[in-house]
Trainee: 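Sending over a structure as C-alpha cells; questions will come in a sec.
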Protein chains: 2
Amino acid sequence: MLDERSKQILYAVTQSYINKPDPVGSRYVTKKFDFSLSSATIRNIMADLEELGFLSQPHTSAGRIPTDMAYRFYVDMLMNQSSFDFDTHIADEIKRRLDRIKNDINGFFKEVSATLSNLSSYMSIAQPPKALNSTFKKIELIKYKEGSIAAVLLTKENIIKSKILQIDPFLTQKDLNRIADFLNSEYEGFTIDEIRSVLLQRLKSEKAAWYQLLTKAMAIYEQILFFAENEIFIEGLYDVINLPDFADISKMKEIYRAIKDKDLLLKIIEDLRESEGVQVIIGCENPIQELNKFSIVASSYKSCGKKMGVIAIIGPTRMDYLKAISMVDLVSRCVCEILQNVDSEY
Amino acid sequence: MLDERSKQILYAVTQSYINKPDPVGSRYVTKKFDFSLSSATIRNIMADLEELGFLSQPHTSAGRIPTDMAYRFYVDMLMNQSSFDFDTHIADEIKRRLDRIKNDINGFFKEVSATLSNLSSYMSIAQPPKALNSTFKKIELIKYKEGSIAAVLLTKENIIKSKILQIDPFLTQKDLNRIADFLNSEYEGFTIDEIRSVLLQRLKSEKAAWYQLLTKAMAIYEQILFFAENEIFIEGLYDVINLPDFADISKMKEIYRAIKDKDLLLKIIEDLRESEGVQVIIGCENPIQELNKFSIVASSYKSCGKKMGVIAIIGPTRMDYLKAISMVDLVSRCVCEILQNVDSEY
DNA sequence: ATTTAGCACTCTAATGATGAGAGTGCTAAT
DNA sequence: ATTAGCACTCTCATCATTAGAGTGCTAAAT
C-alpha cells in the first residue's frame, strides 16, 4: 500500500519532527535528506501521505506533522530493523547503582524509576512486585499492645511487609506463635493470594480440632491482605515539563490530570504485565482517554520466574522512541538480572 | 507609625486582593468599603502606604497590590483578633476519617496531608514522625535467608519499621533471639537515637561476657538506623496549579522547582518543629530562595508528649490566610488528639 | 508517465497605530 | 484636612499591514 519511497519519506519526516518539533515542509526534506527529488515531488507524496492519515497540517500553509499513525509506522520500523545496541558500560553502571538497594524492594523500584527517567529524560513509572502475587515464605506475629499485634510477612521475592493489626485481646504471644507456625509450615511456596482461598476451603471442610486455629489465622490473614498494594513510583515530572511539547499551560495541566490518579496508570500497566518484551502504546492507541496525548514505552520484569510488574516511560507522542525503547529494554534487563540473583541467593 | 485609618485601609486592600487578584484602586475601595472618604483621600493614603512598603503598583496607572509586608501585617492582625472558630462538625468528620487508619502511620499522614489539602484547596505537606526521635518499644529479628534477616522495629508511637538486613551468615535464630531479647529488656523507653550512643558507650566500658553480644547487636542496630527517614507527603499539587496565581508557565514551573526536592521542604519543616501553635511564613520571609514566592502555614504535632513532626499548607503569598490558618490549626488538633488516644491505649 | 519549475494563494506571526478604560498625581477649591 | 477636577500614563484589545513559509495546481520538461 505504501511504496518504498513513500515509506522513506514518511520515516524522514517523522524523524525530523522528533528531532525538532517544527512542522516539516517539502523544501526542508529536500535539503536535509538526499532523495534526489524536487520539493514539488516531495510535496505530492506528502499530500498523499496526508490523505492516507499519516501526516497532518496545523494549517494550510504550514509544513506537515506526523500523526499517531506515523509514529506507529516509525516504531514498527524501529522494532523490526534492529535489536538495540547495548552499552555495557551503562548497563554495569545501572546494575551497580541498583544492586546496593536490592534488599529494600520499594527503594529499589523507586531508584529504577529514577534511573529510567534520568536516562531517557522523560517521565517514568515503576511498579514494584505486588505482595499478592508473590510467594509466601514466612510470617511472624508479634504481640505489641493490648489488642494489637505487629504482623510481618516475608516472601521469596525479598518483599517484606509489616503492619499493625487489631486483634482479639485475649490472644497471647503463644497463640500467635501457634498461628504463625501453622501458616509457616503449611503454606511455604504458595502465592500470598492462593493461601487465602486454600484457607477458606479448609475452613469449610475441616470442622475438627484445627477449627479454632484456622478461624483465628484466617481473621489475621484477611487483615494482612489489606496491605496497600497500589504502590507505583513516578519520577521525572520535572524533566518532562521542560519539554517544548508541554510549553503551554493547558498541555501542562494535562500531564497532571494524567498522572494525578495512579489507579489510571495502574490500569494500563496491569494490561501490559503479561506481554513479552518492550511494548509501545502511542497516543490515541491508549484506551484511557486522559493519556491519549502521551506515549508509553513499557516492559514487564520477572522475579522468581514470574512476571511481577512493569516499568515504563511516559512522554509526549513526539518522543525519541529509539532512545526510550532502548532504555526501557536495558533497564528491565538489569532489573531482571538483579532479581534473579536475589532469587538464587538461597 | 500607622494610624488606625491607614491600618483599616491596608487591611481592606489586602482583603480585597486576596478575594480577587486584581490590583485594587482607590475608587474600588470607596465603593466596596464604607470609609466615608473620597477616592482622592484614599489615593493619598495608599500613596503613603506604598512609600512605607506595604503596597506596590504593577505599573503607574494600575491599582495597588499588597506586598509581603502587607500580608505580614494582615496575618498578625488575624492572629491577634481571634482564635479561629471551630466547626465541630468538620472536626468530627476529620477525626473519623483519620481514626480508621491510625495504625498505619504513613497512610495516616498521607491522609492528613490529603485532608488538609482538600479543606484548604492549597497544597499541603505532612511529615510523619521520625523513627529516630521516637521511643523504642520492641525489636524482632527473624532469620530469613542465609546471611540475611528481617528486622522489625516497633515504637511506642505506633511506628513499625521493617527491613531486610545482611548479616554474618553464622548467626542462628537463637543468636538473633538473644540479641533481640537483650535490646528489648534493656532499652524499652529510650529513644531510638539514644540507644545507639548508649550501646556505643557500653561497648567501650564493658569488655567482659557481654562483649560479643554487644558487637553483634551494634552491627545490626547500625543497619536498622539506616531506615529511609526523610519521608514527607505532599498532596494537592493539582489543586494549586489551577489557581490564577499560577496561570503562567513560569510560575507553574516554580512550584515544581520548589517541591522537586523534598529535602528543601524538610529543612524548613525541621526549623518549625519546635515552635508552638500555628506558624506563618510569608514569601520572602522564607530563608529558602526557591520558596520565596510562596507562603507556608504550619503547625507541629505531638505524640507521646513529644513534638514529632509538622503539617503545613503551602500556597501563593496571596493566600486565604484565615482559612489556611484555621484549617492547619484544626487538623493539627485532630492529629494530636488521635495520637494521644493511640498513646493511652496501653 | 513522471518529475519539475513557476506562480498564485493562504495562513501565521510580528509590527505598529489607534482608542477606550482605569487609575494615578497634582492643584485648587471647599 | 478633605475633595473635585483634570491632565497624564499605562495597559489591553483591535485592526491593518507586511514578510515569510509552504502549499496546490498547471504547464513544461524529461
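Below, chains carry the letters A, B, ... as their sequence lines are ordered, and counting in each starts from 1. Side chains are part of it too, since the values below use all heavy atoms of this structure and drop only hydrogens, waters and symmetry mates.
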Trainee: Please tell me which of B:Glu50 and A:His59 maps to the more 5' nucleotide of DNA chain C, matching each residue to the nucleotide holding its nearest heavy atom.
Mentor: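 In this pair, the answer is A:His59.
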Trainee: Output the single nucleotide from C:dT24, C:dT4, D:dT23 whose closest atom is nearest the side chain of A:Asn44.
Mentor: C:dT4
Trainee: Which one, D:dT9, D:dG24, D:dT23, comes nearest to the side chain of B:Thr60?
Mentor: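 For the B:Thr60 side chain, the nearest candidate turns out to be D:dT9.
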Trainee: Specify the closest pair of heavy atoms between B:Met69 and B:Leu52, including all atoms of both residues, with the distance to one decimal.
Mentor: CE-O, 3.4 Å
Trainee: Answer with yes or no after comparing the ring centroid distance for B:Tyr256 and A:Tyr256 against a 6.0 Å cut-off, counting only values under it.
Mentor: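 Ring-ring flag for B:Tyr256/A:Tyr256: true, centres closer than 6.0 Å.
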Trainee: Measure the spacing between CD of B:Glu50 and OG of B:Ser56 and express it to the nearest 0.5 Å.
Mentor: 6.5 Å
Trainee: Take the protein atom CG of A:Asp22 and the nucleotide atom C1' of D:dG20, then report the distance between them rounded to whole Å.
Mentor: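 Distance, rounded to whole Å: 14 Å.
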Trainee: Tell me: CD1 of A:Ile42 to C1' of C:dA5, nearest whole Å?
Mentor: 15 Å
Trainee: Start at the 5' end of DNA chain D and walk down; is the nucleotide closest to B:Arg43 or to B:Ser61 reached first?
Mentor: B:Arg43
Trainee: Rounded to the nearest Å, what distance is computed from the CG atom of residue B:Leu49 to the P atom of nucleotide C:dG25?
Mentor: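 So the CG-P distance, B:Leu49 to C:dG25, works out to 12 Å.
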Trainee: Output, in order, the C-alpha distance, side-chain angles, deciding distance and verdict of side-chain hydrogen bond (donor to acceptor under 3.5 Å, both in side chains) for A:Ser6 and A:Asp3.
Mentor: CA-CA 5 Å; A:Ser6 303; A:Asp3 60 8; 2.4 Å; yes
Trainee: Check the distance between D:dT2's P and B:Met46's CE and give it to me in whole angstrom.
Mentor: 16 Å
Trainee: Between D:dT2, D:dT23, C:dA5, which one does the side chain of B:Arg5 approach most closely?
Mentor: D:dT2
Trainee: How many Å lie between CG on B:Leu37 and P on C:dT30, as a whole number?
Mentor: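 Going from CG in B:Leu37 over to P in C:dT30 covers 20 Å.
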Trainee: Without swapping roles, check the side chain of B:Ser124 against the backbone of B:Ser113 for a donor-acceptor pair under 3.5 Å.
Mentor: yes
Trainee: I need the CG-C1' distance between A:Asp48 and C:dT2, as an integer number of Å.
Mentor: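 Roughly 13 Å, once rounded to whole Å.
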Trainee: Within this structure, what is the CZ-to-P distance between B:Arg27 and D:dG5, rounded to whole angstrom?
Mentor: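 Atom-to-atom, B:Arg27 to D:dG5, this comes out as 13 Å.
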Trainee: Remember a base hit wins even if backbone is also touched, and classify A:Ser26 as base, sugar-phosphate or nothing at under 4.0 Å, heavy atoms.
Mentor: sugar-phosphate
Trainee: When the distance from NZ of B:Lys31 to C1' of C:dA22 is rounded to whole Å, what number comes out?
Mentor: 11 Å
Trainee: Between D:dT23, D:dA4, C:dG25, which nucleotide gets closest to the side-chain atoms of B:Ser38?
Mentor: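 The listed nucleotide nearest to B:Ser38's side chain is D:dA4.
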Trainee: Nearest-nucleotide wise, let me know which of B:Pro58 and B:Thr41 is further upstream toward the 5' end of DNA chain D.
Mentor: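 Nearer the 5' end of the strand: B:Thr41.
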